[in-house]
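Since the structure comes first, as structure tokens, the remarks are kept for the end.
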Amino acid sequence: TENVKYGLALLERHLPFIFIPIILSGKKLDIWKRDILLGVFIGGFFIASIYCVIINIQLSLIEGKIFHEYYFSYERVSEPIGMQAVYFALYISLCILCILDILRGRYLALGKIKVMTFVVLLVFYLVIIVATGARTAIASLLIILVIVFVVYAIKFKMYKFIMAAVFVP
């Protein structure tokens, strides 16, 4: 692009999608470094999400409402941080997958308070994704979760559970 500022912003937006999976899958990180990296990523998007919610509540209060539909829908959800809603939802989807990976790997070792914190964070992130209206991110997340569910169900020989899940809806 001829606009260097726009090009750098575009690179800044896309680089984490390239480097985070490479970092996590390439060289084996010890658990402490991996947890720090994931914690910074998840925490950073939590702070960004809270910032967006606070700014949108302030804008809603100017209109005389606590929750104005205009400020909590699609592009305007992530507008305070200058990110498109789809990218924001994709990053949050990645945060959800990271949290699920943490819960899967160390559910018993985390303790009840940390597990409940992660569950509340998952619900918060899901609400933000739905508010952005990013159908691509929602569909991608659902497809990945179904694939992971099927792989684990096959791994642990839960065939009856798979059959019930297929026929119940």
Roughly how far, to the nearest 0.5 Å, is [atom2] of [Y] from [atom1] of [X]?
X: Cys52; Y: Arg76; atom1: SG; atom2: CZ; result: 13.0 Å
X: Leu97; Y: Ile92; atom1: CG; atom2: CD1; result: 12.5 Å
X: Cys95; Y: Ile129; atom1: SG; atom2: CD1; result: 8.5 Å
X: Ile96; Y: Leu122; atom1: CD1; atom2: CG; result: 6.0 Å

How about [X] and [Y]: do any of their side-chain heavy atoms sit closer than 4.5 Å?
X: Leu141; Y: Leu90; result: no
X: Leu38; Y: Ile99; result: no
X: Thr132; Y: Ile138; result: no
X: Ile128; Y: Phe88; result: yes

Holding to ring-ring contact (aromatic ring centres under 6.0 Å, His included), I want the full list of residues that pass it with Phe124, two or more places apart in sequence or in another chain. Phe46
Check the hydrophobic clustering (I, L, V, M, F, W, Y; side-chain heavy atoms under 4.5 Å; chains of links allowed) and say if [X] and [Y] are grouped together.
X: Ile144; Y: Leu126; result: yes
X: Ile36; Y: Ile47; result: no
X: Leu100; Y: Val130; result: no
X: Ile62; Y: Val53; result: yes
X: Phe41; Y: Ile50; result: yes

For [X], side chain to side chain contact (heavy atoms under 4.5 Å, CB included) partners two or more places apart:
X: Ala131; value: Val77
X: Ile55; value: Tyr51, Gln58, Leu59, Pro80
X: Val115; value: Leu103, Tyr107, Leu110, Val119

Is it the case that the side chain of Tyr125 and the backbone of Ile42 share a donor-acceptor pair, with hydrogens and angles ignored and the cut-off at 3.5 Å? yes
I need the full list of salt bridge (Lys or Arg N to Asp or Glu O under 4.0 Å) pairs touching residues 38-48, with sequence neighbours left out, sorted by first then second residue. none
So salt bridge (Lys or Arg N to Asp or Glu O under 4.0 Å) across residues 88-101, not counting sequence neighbours, yields Arg34-Asp101, Asp101-Arg104
Would Tyr87 and Ser78 satisfy side-chain contact (heavy atoms from CB on, under 4.5 Å), going step by step from the backbone distance to the final call? CA-CA 9 Å; Tyr87 287 115; Ser78 59; over 6 Å; no
